[in-house]
Amino acid sequence: MLDPKILRETPDLVRAAIAKKHLDVDLDAVLAVDSAWRTHLQEVEQLRARQKAANGALAAMPKGTPEFQARVAEMKAVSAQVKEREVQLKETEEKFRAAMLTVPNLPHASVPEGGGPADNVVFSTHGDIAAASPHARAHWEIPGFEKLFDFGRGAKVTGAGFPFYVGDASRLIRSLLGFFLEENAKAGYVEVMPPILVNAASATATGQLPDKEGQMYETVPDHFYAVPTAEVPLTNFFRDEIIEEAALPIYRCAYTPCFRREAGSYGKDVRGLNRLHQFDKVELLKWVHPSRSYEELDKLRSDAESLLQKLGLPYRVLLMCGGDLGFAQAKKYDLEVWAAGQKRWLEVSSCSNFEAFQARRAQIRYRSKESGRPELVHTINGSGLAVPRVLAALLENNLQADGRVRIPQALVGHFGKEFLSFA
RNA sequence: GGAGAGGUGGCAGAGUGGUCGAAUGCGCCUGACUCGAAAUCAGGUGUGCCCUUUGGGUACCGGGGGUUCGAAUCCCUCCCUCUCCGCCA
């Protein structure tokens, strides 16, 4: 959520931000609701002040006297009025809250202009995509693929998008996860294993609710949500807390399975491992001092990049333009790995600075040494990394003439063999 | 799952209808004393929101609702914690 004061004091700044993000928000309506809410609030608070003053007087008065009775009768009327106004206030407050949730975060000045994916800036490119395996093919076309990545049986047991990983496939995923977690630990991220079901309050704090309810799996009868990313439980770790400034920055990482209903997706994106309902991912998350959030974003991005580098996978970094930035992000980089068989880039990490937007909604603050008061932290997160697409690129790029897949040197220790075999 | 107890400020812990944002102790901050420290003494020390912002107002005693002129205190409901029993990886 954006700071309502920013909206009140500098609405033009917010208008410009909305334009840069190519969103359509009725700011005048939001401002009108804000104004109505504040009017109602003041009315109710004035009435309550009368009540409080009368309470003191009544407490000191001998009970049962005519004066006392008269005062009670008078305050009875005020009480009725308060109750009536409070109903109005609650209504407008709810409208105001809902209206504020339609206002996006402000994009950082360094975010390029643009309306959509075509306007994203290629920030950097690493590795030689032309040098990728001459034997590359789309991973789902590799002979024997279905034996190790059993989508058919997964569909029988659960549904489409819930594959079984058998033998070397399972082993390779486990190797990747171990590799990611250990490398991240070396970079200073403390490993956390969070709950993978969260309650509605947590899903609301990170913005999955109320709007994206249909994207999550919900349990019955407890109404918990299967996490779409470890970002949700991890960010909520410090929800409604005040952190000592000396403790910042806090680096954490977590592996979780991620569950996404992916309602409405279709086409080539959904082939093979490209898009699943359940997948494995290691998430990186930081809580940082506002003055350092952009250097921390760059650092997190390069931490994620180093994983791809160590795996020897060609990739590029996109700097997302205003129109492709997302509602809550102030700045975002996407890491895309090259899948030589599909001849396309696959997003494996999205590194974002939310500034105080997420922290305000989740009420995550630090006690400022300078002011002595609680201030909102900045939150930054990104994948480090999402497994299935890294796996897809690895299978495609490292495919040998004999149908085996060469395991990157960094992974051999975890995997235990030089090659994965589909035979 | 069953039975019981309980959730109050950073912590401990009073308060069971009225001037209570809340005693007291600890902790923390400032000052005095001291060469310095400890001890002692004095003062201060929660968070959110609103306004005509060196100030004023209002809300918050696990969450929500109710009774009442007035609720930390009474009632309903949900959540959580602890103890005992049962079940279980």
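In what follows, chains are A, B, ... by sequence order, proteins preceding strands, each numbered from 1.
Judged by the 6.0 Å and 45° rule, A:Arg404 forms a cation-pi pair with A:Phe419.
On the P atoms, B:C78 is 23 Å away from B:U83, given to the nearest whole Å. Nucleotides B:C61 and B:G10 place their P atoms 13 Å apart, quoted to the nearest Å. Using C1' as the reference atom, B:G46 and B:C28 are 13 Å apart when rounded to the nearest Å. Spacing between B:G27 and B:G36 at atom P, rounded to whole Å, works out to 23 Å. Nucleotides B:U81 and B:G25 have their C1' atoms positioned 25 Å apart, rounded to a whole Å. A distance of about 35 Å separates the P atoms of B:C33 and B:C11, rounded to the whole Å. Rounded to whole Å, the separation between the C1' atoms of B:C87 and B:C75 comes to 35 Å. Taking atom C1' in both B:A12 and B:G65, one finds a spacing of 32 Å when rounded to whole Å.
Atom CZ of A:Arg153 sits in a sparse spot, with 12 or fewer heavy atoms from other residues, nucleotides or ligands closer than 6.0 Å. A 6.0 Å sphere centred on CG of A:Asp222 holds more than 12 heavy atoms belonging to other residues, nucleotides or ligands. Under a cut-off of 6.0 angstrom, the local environment of CZ in A:Phe237 is sparse, with at most 12 non-hydrogen atoms contributed by other residues, nucleotides or ligands.
A donor-acceptor pair shorter than 3.5 Å cannot be found between the side chains of A:Asp303 and A:Ser306. A:Gln342 and A:Glu396 are linked by a side-chain donor-acceptor pair at a separation below 3.5 angstrom, with hydrogens and angles left out of the test. In the model, A:Glu182 has a side-chain atom that pairs as donor or acceptor with a side-chain atom of A:His414 under 3.5 Å. There is a side-chain donor-acceptor pair under 3.5 Å between A:Gln309 and A:Tyr315.
First and last contacts of RNA chain B with chain A, using any nucleotide atom under 4.0 Å from a protein heavy atom and ordered 5' to 3', fall at B:G18 to B:G70.
Salt-bridge annotation for A:Glu295 and A:Lys299: absent, with no side-chain N of the basic residue lying under 4.0 Å from a carboxylate O of the acidic one. Salt-bridge formation is not detected for the pair A:Asp168/A:Arg171: no Lys NZ or Arg NE/NH1/NH2 atom is positioned less than 4.0 Å from an Asp or Glu carboxylate oxygen. Using a cut-off of 4.0 Å between Lys/Arg side-chain N and Asp/Glu carboxylate O, A:Lys83 and A:Glu86 are scored as not salt-bridged. In this structure, A:Lys5 does not pair ionically with A:Asp34, as no charged nitrogen and carboxylate oxygen lie closer than 4.0 Å.
Under the salt bridge (Lys or Arg N to Asp or Glu O under 4.0 Å) criterion, A:Glu183 pairs with A:Lys186, A:Lys310, not counting sequence neighbours.
Residue-level contact check: A:Arg373 touches the backbone only, with heavy atoms under 4.0 Å from sugar-phosphate atoms and none from bases.
Near RNA chain B, defined here as any heavy-atom distance below 4.0 Å, the residues from residues 40-50 of chain A are A:Leu41, A:Gln42, A:Glu45, A:Arg48, A:Ala49, listed numerically. The stretch residues 74-94 of chain A touches RNA chain B through A:Met75, A:Lys76, A:Ser79, A:Lys83, A:Lys90, each having a heavy atom within less than 4.0 Å of the strand.
Between A:Lys52 and A:Gly372, it is A:Gly372 whose nearest contact on RNA chain B lies nearer the 5' terminus. Residues A:Ala54 and A:Ile242 each lie close to RNA chain B; by heavy-atom proximity, the contact nearer the 5' end of the strand is made by A:Ala54.
Applying the salt bridge (Lys or Arg N to Asp or Glu O under 4.0 Å) definition to pairs two or more places apart or across chains, those involving residues 62-74 of chain A are A:Arg50-A:Glu74, A:Arg71-A:Glu74.
Consecutive pairing runs in RNA chain B reach the stem threshold at B:1-7 with B:79-85, B:10-12 with B:24-26, B:27-32 with B:40-45, B:46-51 with B:55-60, B:62-66 with B:74-78, where a stem means at least three Watson-Crick or G-U wobble pairs with distances under 3.5 Å.
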